[in-house]
Amino acid sequence: MTKPVVLESVAALRQWREAQRKAGHRVGLVPTMGALHAGHISLVTGVKQVTDKAVVSIFVNPTQFAPTEDFSKYPRTFESDLHLLSEVRAEAVFAPQVAEMYPQGFATTVSLDGPAKVELEDKFRPTHFSGVATVVSKLLLQAMPDVAIFGEKDFQQLAVIRHMARDLDIPVEIMGGPTLREADGLAMSSRNVYLTVGERMVAPIVHRTLQAAAEIVRRGMPLAVIEAEAADRLTKAGLVVDYVAIRDALSLAVPMECAAPASLRILVAASLGQTRLIDNIAV
Ligand code: AMP
């Protein structure tokens, strides 16, 4: 098992990337915040199927956390991350310090509309996507990958990044990867380590509720009723619901019920104790 080469500076990343280009290799980028689990690893496997060399970025990006959020206590497990990435034969890890990504005087952000302004995550984390889009555009420009892969777990994020790459003509193919789940349906997340034993037993209700809601949508009940009932079920189980929303899977807009059947997605965000869970499912 060979460990991936660890690149800590943009200069080192660019040098590595240039060597791949000269060797004729296609490069896949997997942006992460570390604390890797099987969901992240599935993205590495996915991108390796369509490229020759995978570079995984590990960077807990401060600009996507609000001051009230968990930036300082976000799990950091670099050595075990490297071990997992060796097993799946990732070729490189880009792990910059904050000062490398945001040097003194940094003053530029990406401003978003479209799927970033649909009253889902953006309503509850109003500064989040601007931080995500800024760091992802930096990573794309630094690594110049042929393909970059993002999880459907963060469905709105995937839509925002696809839109941004298109609007800014960033020459990269954005690929989505399916959500990996625990055996009981809970979507894998680095934040699941925050759950207490009791909360961990309750948490799979999020996926069960999504599955039940998708089934009822297929049977043709009014969407607002299904959303309200799903939110009620989660509230009764002890979660504090930010939203349960049935949306157009492409635009994330509220679907017109009288229009021709569109491809729909059900998205949920709810807190269980101190842990905010997000998940989504196709209808
Ligand atoms: P994060 O480290 O949480 O920023 O996530 C890095 C990437 O992994 C993002 O593209 C996420 O959407 C993706 N991801 C997170 N959890 C999962 C999961 N359970 N299955 C598949 N991809 C995931």
Side-chain angles (χ1 to χ4, degrees), residues 28-50 54-66 69-71 73-78 80-82 84-85 88 90 93-96 98 101 115-116 120-121 125 128-140 143 145 147-165 172-195 200 203-204 206-207 210 252 265 267-269 275-282:
L29 171 68
V30 188
T32 82
M33 297 203 299
L36 301 184
H37 50 68
H40 297 113
I41 297 306
S42 74
L43 299 183
V44 180
T45 313
V47 89
K48 278 183 75 88
Q49 278 167 9
V50 294
V55 53
V56 179
S57 63
I58 296 182
F59 180 62
V60 186
N61 174 36
T63 66
Q64 70 191 69
F65 291 78
E69 293 180 349
D70 55 344
F71 173 69
K73 71 166 189 163
Y74 195 84
R76 288 160 170 89
T77 59
F78 191 68
S80 77
D81 291 351
L82 274 191
L84 286 175
L85 293 174
V88 74
V93 168
F94 177 50
V98 171
M101 293 296 272
L120 293 173
E121 284 303 283
R125 306 183 74 190
H128 175 66
F129 284 127
S130 144
V132 169
T134 302
V135 82
V136 170
S137 54
K138 282 174 68 74
L139 290 167
L140 293 174
V147 180
I149 189 166
F150 297 84
E152 289 181 351
K153 158 79 166 44
D154 299 281
F155 199 75
Q156 189 179 3
Q157 169 175 283
L158 174 59
V160 167
I161 290 166
R162 277 193 202 287
H163 217 89
M164 177 186 77
V172 61
E173 179 194 333
I174 303 296
M175 190 176 158
T179 303
L180 250 73
R181 300 179 179 281
E182 304 288 355
D184 58 14
L186 176 65
M188 289 182 184
S189 165
S190 307
R191 289 189 167 100
N192 289 349
V193 297
Y194 300 154
L195 295 168
R200 176 64 189 80
V206 174
H207 182 236
L210 282 172
L252 298 184
R265 198 91 188 176
L267 303 100
V268 59
T275 311
R276 189 164 179 279
L277 304 173
I278 66 168
D279 201 350
N280 66 86
I281 193 175

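Every number for a ligand or one of its atoms is a count from 1 in the order of the listing.
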How close does the nearest protein non-hydrogen atom get to [atom], and which residue and atom is it?
atom                    : result
atom 20 (N) of ligand 1 : Leu180 N, 2.8 Å
atom 11 (C) of ligand 1 : Asp154 OD2, 3.0 Å
atom 10 (O) of ligand 1 : Gly151 N, 2.8 Å
atom 23 (C) of ligand 1 : Lys153 CB, 4.0 Å
atom 21 (C) of ligand 1 : Pro178 O, 3.3 Å
atom 6 (C) of ligand 1  : Pro31 O, 3.3 Å
atom 5 (O) of ligand 1  : His40 NE2, 3.4 Å

Residue-level breakdown please: for [X] versus ligand 1, do any non-hydrogen atoms fall below 4.0 Å on the side chain, on the backbone, on both, or on neither?
X      : result
Glu152 : neither
Ala35  : neither
Ser189 : neither

Are any of the side-chain heavy atoms of Val93 and Val55 separated by less than 4.5 Å?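 They are not in contact (no side-chain heavy atoms under 4.5 Å apart), so the answer is no.
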Between the main-chain N or O of [Y] and the side-chain N or O of [X], is there a donor-acceptor pair closer than 3.5 Å?
X      : Y      : answer
Asp81  : Ala35  : yes
Ser57  : Phe94  : no
Asn192 : Ala187 : yes

Does a salt bridge link [X] with [Y], judged by any charged N lying under 4.0 Å from a carboxylate O?
X      : Y      : value
Arg162 : Glu173 : no
Glu69  : Arg276 : no
Asp70  : Arg191 : yes
Arg181 : Asp279 : yes

Under a 4.0 angstrom heavy-atom cut-off, which atoms of ligand 1 come close to Thr179?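 Counting atoms of ligand 1 from 1, those under 4.0 Å from Thr179 are 19 (N), 20 (N), 21 (C).
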Under 4.0 Å to a heavy atom of Met188 - the qualifying atoms of ligand 1, by number: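 What qualifies from ligand 1 is 16 (N), 17 (C), 18 (C), 19 (N).
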Would you say ligand 1 has an N or O under 3.5 Å from any N or O of [X]?
X      : value
Ser190 : no
Phe150 : no
Leu43  : no
Met33  : yes

Given His37, Arg191, Glu182, which one has a non-hydrogen atom that is nearest to atom 17 (C) of ligand 1?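 Comparing heavy atoms across His37, Arg191, Glu182, the nearest one to atom 17 (C) of ligand 1 lies in His37.
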Find out whether the Lys NZ or Arg CZ of Lys138 is both under 6.0 angstrom from the six-membered ring centre of Phe59 and within 45° of the ring's axis. no
